[in-house]
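Only this structure's heavy atoms are used, side chains among them; waters, hydrogens and symmetry mates stay out. Both ligands and their constituent atoms are indexed starting at 1 by order of listing. Residue numbers start at 1 and run along the sequence shown. Just so it is clear, the model here is predicted, and its values are computed rather than measured.
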Amino acid sequence: MNDKSHLSNSYKNILISEIENSKALKVGLIQLNRPDVLNALNIDLMKEVVEALETFDKDDETGCMVLTGNAKAFAAGADIKEMADATAVEMLLRDQFARWDKIRKIKKPIIAAVSGFALGGGCELAMTCDMIIAAEGAKFGQPEINLGVMPGAGGTQRLTKAIGKARAMEMILTGKMFTAKDMFIAGLITKVVDNDLYLDEAIELAKDIASKPTVAVQLAKEAVLKAFDTTIEAGLEFERKNFYLLFATEDKFEGMKAFVEKRKAEWKGR
Ligand code: HXC
């Protein structure tokens, strides 16, 4: 599937582009674009993010995606103005998290490139990605407690699994902001870089991943994510099945043959 024409200019809350990759498949870039409100995540924006991710995921020419904001904000959370008057029943009927759940089904890796604020739903959106590259000035937090609510898009689960109960409790119960360095030490972030390099570094990482054999990348991502919701025994079994499955790919034969012949592998992506 190479038709991305419907991605064109129809989006109002995000910008998308494709980054050529001399090494191999392209990188799909999605930039949150509501700068006036620090990229607050309203329903329309999330609809567009999910649609763009799904389109890149289905596209044969794309190997990896990068999700970013701008220098001041990755995203300062869900749009508070959109929720301010909402009742529980209205929130339930909006069912906005059904859309968030679709991000979990994306097969290709997604890298969050974070600068500025990643708060509330913004921190949760970064955590739905597979890796986070953060500018050293980035600030992470789950401030929902200060609004009389709590994280609702995975924060209590993903944060706790990533950084452990003690620090997750502190973040979620105090609503305080933490630096990129704090979050790197806690294990949430892949890498902290200079403020002006966060996007370049994320794109370089994405290009590198996009140059790897596609099926192996997808099955490996799937197996790592499995660790979050299964027992060690079931997880090991899952890993083993994906491992065996890769022996059915052309890339497995090419990769091992190339090693033996001391040459660079030429991946087919199947
Ligand atoms: C709507 C927001 C917003 C948000 C900022 N803005 N965050 N609008 N929803 N989450 C708007 C402000 O109203 C303001 O608009 C403009 O963006 C600039 O923000 P300022 O507050 O003037 O900027 P600053 O003084 O630099 O402070 C930055 C900030 C602060 C510390 C990040 O904006 C802030 O505390 N934002 C809210 C953070 C938060 O509570 N997030 C959690 C949301 S709940 P105007 O029109 O005045 O210029 C959540 C639940 C998740 O995420 C559930 C799942 C989706």
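Applying the ring pair (Phe, Tyr, Trp, His ring centres under 6.0 Å) rule to pairs touching residues 244-264 yields F243-F247, sequence neighbours excluded. Residue pairs that meet the salt bridge (charged side-chain N to carboxylate O under 4.0 Å, His left out) test with at least one member in residues 119-134, sequence neighbours left out, are D130-K221.
In the hydrophobic clustering of ILVMFWY residues, with side-chain heavy atoms under 4.5 Å counting as a link, I110 and W100 come out together.
For the pair G152 and ligand 1, the shortest N or O to N or O distance does not fall below 3.5 Å. Between F117 and ligand 1, no pair of N/O atoms sits closer than 3.5 Å.
Relative to atom 39 (C) of ligand 1, the option among A153, A75, P143, P151 with the closest non-hydrogen atom is P143. Closest heavy-atom approach to atom 37 (C) of ligand 1 within the set N146, I43, L41, I80: this belongs to I80. Residue nearest to atom 44 (S) of ligand 1, selected from L147, V149, L38: L147 (by heavy-atom distance).
Counting the atoms of ligand 1 from 1 in the order shown, those under 4.0 Å from a heavy atom of W100 are 55 (C). Against a heavy-atom cut-off of under 4.0 Å, E144 is close to the following atoms of ligand 1: 44 (S), 49 (C), 50 (C), 51 (C), 52 (O). Taking every heavy atom of G121 and a limit of under 4.0 angstrom, the matching atoms of ligand 1 come to 49 (C), 51 (C), 52 (O).
Looking only at protein heavy atoms, the nearest one to atom 17 (O) of ligand 1 is V37 CA, 3.2 Å.
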